[in-house]
Amino acid sequence: MEPGAWGNRTAVTEFILLGLTGNVRLQPILFVVFFFAYIVTVGGNLSILAAIFVEPKLHTPMYYFLGNLSLLDIGCISVTVPPMLVCLLAHECRVPYAACISQLFFFHLLAGVDCHLLTAMAYDRYLAICQPLTYSTRMSREVQGTLVGICCTVSFINALTHTVAVSVLDFCGPNVVNHFYCDLPPLFQLSCSSIYLNGQLLFVGATFMGVVPMILISVSYAHVAAAVLRIRSTEGRKKAFSTCGSHLTVVCIFYGTGFFSYMRLGSVSASDKDKGIGILNTILSPMLNPLIYSLRNPDVQGALKRVLTGKRHPV
């Protein structure tokens with residue numbers, strides 16, 4: 001630490017991340033596990049993107065959003081895991097202040113777009129099942145692009161707000177972060193100035209980035225469920241539900257871990273449980289998404305086979 005640029009107080013110039021474990025013997029094992037998870041996640045999501053690109057049947061709004069979701073998953077895991085792998089190899093993790101704040105910004109930016117993109121996907125399913133006659137006009141390419149643009153704009157404002165609010169906090173004492181990446185709760189714990197405003201911003205952000213999207217998703221699927229139950233054919237109901245099952249599974253995993261992480265505003269202190277939730281948020285969810293979307297989808301499976309074997313789509 002050294003004298004800071006703001007007055008006579010002392011400013012932290014770097015943070016020390018404790019990582020997942022201090023056990024030197026476990027670190028090589030964790031490196032192999034998380035390096036493998038990273039490769040699988042990036043490879044799986046790139047495969048989904050390739051399948052959407054080569055399969056004409058997948059040139060639909062639902063898979064347009066899924067392709068964007070795959071890009072976001074690659075971005076989210078790339079923001080946190082590669083730096084963690086470097087730290088595991090070095091057996092220590094010293095992160096410059098600016099790099100820590102940058103990681104926080106990009107993580108919340110990408111995760112926030114993820115939140116709202118899942119909402120857009122639920123709206124797409126609502127239009128496809130409840131408003132099939134007007135679906136093509138209501139979900140045109142212009143509408144798809146607009147929805148993605150709104151997702152990015154809202155998330156950018158949220159991420160920038162949190163980043164600016166953290167950057168004006170005083171960090172003049174301990175600089176040891178009990179986590180494997182820079183995030184809001186563990187940084188709040190280290191601040192030697194009031195974090196009341198940050199807590200309020202976190203509550204408001206969690207409402208707009210979590211609660212509101214979850215309400216919109218629930219309303220969309222309530223209408224979808226009502227519409228599907230009116231279908232007389234058992235096969236028709238099964239097909240309609242199958243198109244929503246993958247998305248609902250991803251929503252449950254993503255929002256379940258997210259709410260557990262950020263809605264516990266009464267307890268700012270970091271713990272080993274937070275690291276476990278962080279692994280679910282940053283690694284497990286992006287890794288499972290390609291599997292979830294391809295497991296019960298014959299079109300995606302067929303496209304993936306053509307990508308892997310190099311065969312072209314039959315004319």
Side-chain angles (χ1 to χ4, degrees), residues 61-62 64-66 68-73 75-76 79 104-131 138-139 142-166 183-185 188 195-227 244-268 277-278 280-282 285-286 289 292:
M62 182 174 72
Y64 170 77
F65 292 128
L66 178 58
N68 281 278
L69 188 68
S70 293
L71 284 174
L72 289 169
D73 286 339
C76 277
V79 166
L104 185 150
F105 170 77
F106 284 108
F107 175 73
H108 280 270
L109 172 65
L110 296 169
V113 179
D114 226 331
C115 285
H116 289 286
L117 194 62
L118 289 172
T119 309
M121 294 173 76
Y123 177 62
D124 171 73
R125 292 299 82 207
Y126 160 75
L127 290 181
I129 294 174
C130 300
Q131 308 286 338
R138 291 193 179 190
M139 194 52 73
E142 291 76 15
V143 173
Q144 295 168 44
T146 300
L147 287 173
V148 172
I150 292 173
C151 294
C152 294
T153 302
V154 173
S155 181
F156 176 80
I157 294 171
N158 177 71
L160 186 63
T161 300
H162 287 310
T163 304
V164 171
V166 168
D183 201 5
L184 295 172
F188 289 168
I195 60 168
Y196 175 78
L197 176 61
N198 300 80
Q200 296 302 306
L201 288 174
L202 189 60
F203 179 81
V204 173
T207 300
F208 279 100
M209 306 305 291
V211 177
V212 172
M214 198 64 203
I215 291 173
L216 293 175
I217 290 172
S218 300
V219 170
S220 294
Y221 275 109
H223 283 89
V224 167
C244 303
S246 299
H247 179 252
L248 279 174
T249 304
V250 171
V251 167
C252 290
I253 295 173
F254 185 84
Y255 279 99
T257 55
F259 275 123
F260 194 85
S261 294
Y262 297 107
M263 291 303 285
R264 296 176 301 132
L265 301 181
S267 174
V268 173
I277 297 299
L280 291 176
N281 266 331
T282 60
S285 181
N289 285 356
I292 292 170

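A quick note: this is a predicted structure, and the numbers were derived from the prediction, not measured. Along the sequence shown, the residues carry numbers beginning at 1.
- Side-chain contact between Phe65 and Val148: present, with at least one pair of heavy atoms (C-beta onward) separated by less than 4.5 Å.
- The distance from atom CG of Asp183 to atom CZ of Phe107, rounded to the nearest 0.5 Å, is 6.0 Å.
- Nearest approach of Gln144 to Met139, heavy atoms of both residues: NE2-O, 3.1 Å.
- The line from CD1 of Ile157 to CG of Leu109 is 11.5 Å long, rounded to the nearest 0.5 Å.
- Within the 3.5 Å criterion, the main-chain N or O of Tyr126 finds no donor-acceptor partner in the side chain of Gln131.
- If you take OG1 on Thr119 and CD1 on Ile217, they are separated by 4.0 Å, rounding to the nearest 0.5 Å.
- Nearest heavy-atom pair, Ala122 versus Ser220, reported as atom, atom and distance to 0.1 Å: O-CB, 3.8 Å.
- Note that SG of Cys151 is 9.5 Å distant from CG of Asp114, once rounded to the nearest 0.5 Å.
- A donor atom on one side chain and an acceptor atom on the other are not found under 3.5 Å apart for Asn198 and His162.
- Contact of the Met121 side chain with the Val250 side chain is not registered, since no non-hydrogen atoms from C-beta on lie closer than 4.5 Å.
- Residue Asn158 holds its CG atom at 12.5 Å from OG1 of Thr153, rounded to the nearest 0.5 Å.
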Step by step, would you call His223 with Ile129 a side-chain contact (heavy atoms from CB on, under 4.5 Å)?
CA-CA 9 Å; His223 283 89; Ile129 294 174; over 6 Å; no

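- Minimum heavy-atom separation, Pro213 to Cys115: CB-O, 4.3 Å.
- By the 4.5 Å heavy-atom criterion applied to side chains, His247 and Leu66 are not counted as neighbours.
- Nearest heavy atoms, Ser155 versus Met209: CA-CE, 3.9 Å.
- Separation of atoms SG (Cys130) and OH (Tyr221) is listed at 10.5 Å; rounding is to 0.5 Å.
- In this structure, Cys152 and Val113 approach most closely via the heavy-atom pair CA-CG2, 3.9 Å.
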